[in-house]
Amino acid sequence: MNFKSAFGAAIWLAIFSAPALADPAVVMAPGSAGGGYDAMARLPFEAMRKEGIFTDGAQFTNRGGAGGAIGLAEFVNTSKGNDNAVMSMGAILIGGIVLNNSPVTLKDVTPLVRLTNDTGAIAVPANSDIKTINDLVAKMKENLGGVAIGGGSAGGVDHIAMALLAKANGLEASKLNYIPYAGGAEVVTALAGGSTKAAISGLSEFRSLAEAGRIRIIAVTSKERVAGIDAPSLTEAGYPVVIGNWRGIVGAPGMSADAKKIWLDRFAKMHETETWKATLKKQNWEDAYLSGDDFVKFLDNEVANQTATLKDVGLTK
C-alpha cells in the first residue's frame, strides 16, 4: 500500500471507528422548566460552550412528573446506544423510582458525574405567623394533617426530610399533609402565593425570594448553618435531620466506552473552569464533583439508603 492509500485508510478509520459525537447533544431534563433538573441540564452545557469544551450545541427536552421517573423512562426508551444523549438527574429521582414502582431504574443508564449538592431550606410566607422551625413543629404536633407543606416530588429528598422531621418529633410521617409539585418553580409559586403553610426546596431556589422579603427561611437541612442565611440548621434546632439534594448527569443506555470517556473528560475540564465556578456561586450550589466508578458506587449506596429510609418512615412498604 502506498503512502497516499495508507493515509486515506487511516483517515477513514479515524472517522468511522470514533464515536459520533460531533452532533448536538440530546439532553433530557426530567423536571419542569425553571426547576433544578432543568438548570442541571442546561448550565453545564452553557459552561462548556463558553469555555470551548463542547460547542456542537444541545437539544433540551423537559419531561416532569413522578419525581423524574417519567422523564427517565422516556430517556431510556428513546436513547439506547446514542452516544450524544445525556440526562440530568439527582437524589429525588431515586425516591420517584421507588414510590412509583418504575420498571426503569438507574441500572438502565450510564452514570457519568455528580456535580452539585443543594442544601434544603424550609420556608414560610413572609406574613406567616410561623416565625421559627419550632413554631412549625408545634403546629404539626397540634394538627399534622392541617399543615399543608409543599415540596418536590413524592418520595424525593424534600419529602424524606419532612418525614424525618415528623418522625423525630414522634409523629406518623405517612400522615403528613405533603403536597408534591413537579418542579422547584411550582413549589416557590405555591408558597409565595400562600397555597401552602410551609414549603421545602433547595436553598438555591428559595434564597432570592427570601432576600426579596417574599418568604422567610426558618431552617436549613445541612449539618450546620449556611453563611448569609438567618436560620438554624435542623440539627442546631434540636432535630437530627441532615439531607441534601445532589444532582448530576447520566448517559444513555448502552453508551460506548469511548463516548463515556469523552463525556467524563469534558465534565472534568468543565469542573475546573472559572465559568463553572461562577455558575456554582450564582446558583448557590455546593461543589459535589464525583465521576466515573466513584459515582457508580455512590449511586448504589444512595439507592440502598433511600429505599431503606422510605420504608423506615412509612412512605413505602
Side-chain angles (χ1 to χ4, degrees), residues 25-33 35-38 40-41 59-115 151-161 163 173-174 176 178-184 186 243 245-257 259-260 263 290-317:
V26 179
V27 188
M28 169 66 74
S32 59
Y37 282 151
D38 187 52
M40 180 50 53
Q59 300 169 350
F60 298 96
T61 298
N62 289 86
R63 194 74 70 229
I70 292 174
L72 172 66
E74 181 174 323
F75 178 71
V76 168
N77 291 331
T78 61
S79 304
K80 292 177 181 177
N82 186 345
D83 285 343
N84 275 322
V86 298
M87 185 184 84
S88 62
M89 51 80 68
I92 292 173
L93 180 56
I94 296 173
I97 291 169
V98 174
L99 286 190
N100 291 284
N101 296 310
S102 173
V104 179
T105 72
L106 293 176
K107 292 292 185 183
D108 296 308
V109 296
T110 304
L112 293 174
V113 62
R114 184 187 71 187
L115 290 172
S153 300
V157 290
D158 297 341
H159 196 177
I160 290 174
S174 61
L176 272 171
Y178 183 84
I179 303 174
Y181 292 89
E186 288 87 347
I243 193 169
N245 186 11
W246 57 266
R247 297 188 183 97
I249 303 289
V250 296
M255 176 177 278
S256 70
K260 179 179 178 180
W263 281 112
L290 191 69
S291 70
D293 291 342
D294 289 336
F295 183 41
V296 173
K297 293 176 184 177
F298 170 81
L299 276 181
D300 289 341
N301 288 332
E302 277 288 286
V303 170
N305 291 338
Q306 281 203 41
T307 301
T309 299
L310 287 168
K311 289 181 179 179
D312 188 44
V313 299
L315 296 179
T316 187
K317 295 180 180 180

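What you are looking at is a predicted structure, and each value in this text was computed from that prediction instead of being measured.
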Rounded to the nearest 0.5 Å, what separates atom [atom1] in [X] from atom [atom2] in [Y]?
{"X": "Asp83", "Y": "Ser256", "atom1": "CG", "atom2": "OG", "result": "3.5 Å"}
{"X": "Asn100", "Y": "Ile70", "atom1": "CG", "atom2": "CD1", "result": "7.5 Å"}
{"X": "Phe295", "Y": "Glu302", "atom1": "CZ", "atom2": "CD", "result": "9.5 Å"}
{"X": "Ser79", "Y": "Asp108", "atom1": "OG", "atom2": "CG", "result": "12.0 Å"}
{"X": "Leu315", "Y": "Leu176", "atom1": "CG", "atom2": "CG", "result": "8.0 Å"}

Does some side-chain heavy atom of [Y] sit less than 4.5 Å from a side-chain heavy atom of [X]?
{"X": "Lys80", "Y": "Phe75", "answer": "no"}
{"X": "Gln306", "Y": "Val98", "answer": "no"}
{"X": "Trp246", "Y": "Leu290", "answer": "no"}
{"X": "Phe60", "Y": "Asp38", "answer": "no"}
{"X": "Arg247", "Y": "Leu115", "answer": "no"}
{"X": "Leu106", "Y": "Ile97", "answer": "yes"}
{"X": "Met89", "Y": "Val109", "answer": "no"}
{"X": "Asp158", "Y": "Tyr178", "answer": "yes"}

Subject >> Thr110 vs Trp263, side-chain contact (heavy atoms from CB on, under 4.5 Å): CA-CA, chis, key distance, verdict >> reply: CA-CA 11 Å; Thr110 304; Trp263 281 112; over 6 Å; no

Closest non-hydrogen atom pair between [X] and [Y], with its separation:
{"X": "Ile243", "Y": "Ala161", "answer": "CG2-CB, 3.7 Å"}
{"X": "Pro30", "Y": "Ser88", "answer": "CD-O, 3.1 Å"}
{"X": "Met40", "Y": "Gly248", "answer": "CG-O, 3.7 Å"}
{"X": "Leu93", "Y": "Ala69", "answer": "CD1-N, 3.6 Å"}

**OP:** Only one of Leu112, Val250, Val113 passes side-chain contact (heavy atoms from CB on, under 4.5 Å) with Val86; say which it is.
**Re:**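 One option only clears the test, and that one is Leu112.
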
Original post:
What residue among Val26, Ile249, Leu72 forms side-chain contact (heavy atoms from CB on, under 4.5 Å) with Met87?
Top reply: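 The single option meeting the side-chain contact (heavy atoms from CB on, under 4.5 Å) with Met87 is Leu72.
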
So, the side chain of [X] versus the backbone of [Y]: is there a donor-acceptor pair under 3.5 Å, distance only?
{"X": "Thr316", "Y": "Leu99", "value": "no"}
{"X": "Asn77", "Y": "Ala73", "value": "yes"}
{"X": "Tyr37", "Y": "Gly64", "value": "no"}

Subject >> CG/Asp293: more than 12 non-hydrogen atoms of other groups inside 6.0 Å >> reply: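 Count not over threshold, so no.
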
